[in-house]
Amino acid sequence: MRRATPLLPVLVAALLLAGCGSERAGSPGGGAGPTPRSSVSDPGLDGVRVTGVTLPSPSTPGIVAAYSPVSAAYEVVNDSSEALTYTILFDFTTAAGQVVTNTRQTVRQVEPGRTVRGTVDMPLLTGGGGDMKVTRAKVSQVTSVLAAEAPAEPGRCPSSGINVTTDEGDAAMGLRVVGLWLENCGTADYHVEGYPQLTLLDEDREPVDGVSILRGSGGITTAVTGSDDPPRPVTLKPGERARASLVWRNTTQGGVAVNAPYVRVRAKSGAAPVTVTPHLDLGTTGKLGVSPWQAEERRQLR
């Protein structure tokens, strides 16, 4: 007669085996613990605030877990009467508030009275700062433009067939130069001649008074090539670009310094306006120089 196997040793062995190979749900690599999450009490900035931070999952010694970035949850509240597109600068910091890195996020077409929520990942650190533990995130800068006047999303072309953007610019010894770019993203040639038409706007997107917009460098500098060249007709074929330069100094003497974070741009008379955000720190100089549109130089392939 076959003897029955005692149940107790079998149950003990099964429990031991299960314990050795168990994984927690959502724990990559089999050794990582739960992902720490923390809520944030953040007053925010201009309707945008961080609501929570997710930190990387801790890993068991000897086991390499999959990369899990620091991320921040945020919300955008549009309490204005018009649809807005927001560009937000998020700082990722240590517990002491030291900024380790930052990144920008654009939230498009937030309708009046609406709240939009999202998450943003901390950029992967490639240089110094890898030994600094990031535990917090904050909103450090917000710009919001009328959604109908925002530069087009990368890879898309507005109905006007042209897109207007700015570059990062250059700054030296108080001199500022920002490139204003006009791209023909449409299907037909686009003709322009002369200077872009500019309206400087303050933090509330209201026109700035007391600043003269000068054609050419306006005596601000002679170091910007082409800024004082006479305007010439420019024809942009689909895919081609033209550039104009914004030139100013941020010198501050007597009086109140002027800041114009927004500039409403029309490529030419009658063109649809586009609002860009070069953050003009004009000091007390009272003037901004603008060059004429010039076709982008084409490099010869060899």
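In this text, all values refer to a predicted model and were calculated from it rather than measured experimentally. The first residue in the sequence is number 1, and the count goes up from there.
No side-chain heavy atom of L214 sits under 4.5 Å from any side-chain heavy atom of V290. A heavy-atom distance below 4.5 Å is not found between the side chains of R176 and V178. L175 is listed as a side-chain neighbour of R249, based on a closest heavy-atom distance under 4.5 Å. Between S291 and D229, every side-chain heavy-atom pair lies at or beyond the 4.5 Å cut-off. Side-chain contact between F92 and V53 is absent, with no heavy atoms from C-beta onward closer than 4.5 Å. Here the side chains of D189 and P238 are in contact, with some heavy-atom distance below 4.5 Å. When side chains are defined from C-beta on, E240 does not count as touching N184, because their heavy atoms never get closer than 4.5 Å. The side-chain heavy atoms of E203 and P261, taken from C-beta on, include a pair separated by under 4.5 Å.
In this structure, the separation between CG on D79 and CG on D46 is 9.5 Å, given to the nearest 0.5 Å. Considering CG of L246 and CD1 of I220, their distance stands at 10.0 Å, rounded to 0.5 Å. The CG atom of L45 lies 8.5 Å from the CD atom of Q141; values are rounded to the nearest 0.5 Å. Interatomic distance, CG of D121 versus CD of Q105, reported as 8.5 Å (0.5 Å rounding). Remark: T277 OG1 to L201 CG distance equals 11.5 Å, nearest 0.5 Å. The CE atom of M122 sits 11.0 Å away from the OG1 atom of T93 when rounded to the nearest 0.5 Å.
Among residues two or more places apart in sequence or in another chain, the salt bridge (charged side-chain N to carboxylate O under 4.0 Å, His left out) test is passed with R136 by none. With sequence neighbours left out, the salt bridge (charged side-chain N to carboxylate O under 4.0 Å, His left out) criterion links R117 to E75. Residues meeting the salt bridge (charged side-chain N to carboxylate O under 4.0 Å, His left out) test with D91, sequence neighbours left out: none. Residues satisfying the ring-ring contact (aromatic ring centres under 6.0 Å, His included) criterion with Y74, sequence neighbours excluded, are F90.
Between the side chain of S80 and the backbone N or O of E82, at least one donor-acceptor pair lies under 3.5 Å. Remark: side-chain polar atoms of S217 are not paired, donor with acceptor, to backbone N or O of G289 under 3.5 angstrom. The main-chain N or O of A267 is found under 3.5 Å from a side-chain atom of W293 such that the two form a donor-acceptor pair. For T275 (side chain) and A150 (main-chain N/O), no donor-acceptor pair under 3.5 Å exists by modelled atom type. R205 contributes a side-chain N or O that, together with a main-chain N or O of S144, makes up a donor-acceptor pair within less than 3.5 Å.
For the pair P278 and V263, the tightest heavy-atom approach, listed with the atom from each and the gap, is CG-CG2, 3.6 Å. Of all non-hydrogen atoms in V211 and L288, the two that sit nearest each other are CG1-N, 4.2 Å. Minimum interatomic distance between L55 and V134 (heavy atoms only, all atoms of both residues): CD2-O, 3.6 Å. Residues V208 and A260 share a closest heavy-atom pair of CG2-CB, 4.1 Å. Of all heavy-atom pairs between R49 and G44, the closest is CB-CA, 3.6 Å. For V139 against V50, the heavy-atom pair with the smallest separation is CG2-CG2, 4.0 Å.
Other residues, nucleotides and ligands contribute only 12 or fewer heavy atoms inside 6.0 Å of the CZ atom of R114.
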Let me see the working for Y86 and N78 under side chain to side chain contact (heavy atoms under 4.5 Å, CB included), right down to the final yes or no. CA-CA 10 Å; Y86 293 77; N78 181 3; 3.4 Å; yes
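There is a side-chain donor-acceptor pair under 3.5 Å between S245 and R243.
Screening N163, D167, T165 against W181 for a side-chain hydrogen bond (donor to acceptor under 3.5 Å, both in side chains) leaves a single residue, D167.
Annotation: side chain to side chain donor-acceptor pair (under 3.5 Å) contacts involving residues 258-271, sequence neighbours excluded, comprise E149-R264.
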Could you give the side-chain donor-acceptor pairs of residues 192-200 under 3.5 Å, partners two or more places apart or in another chain?
none

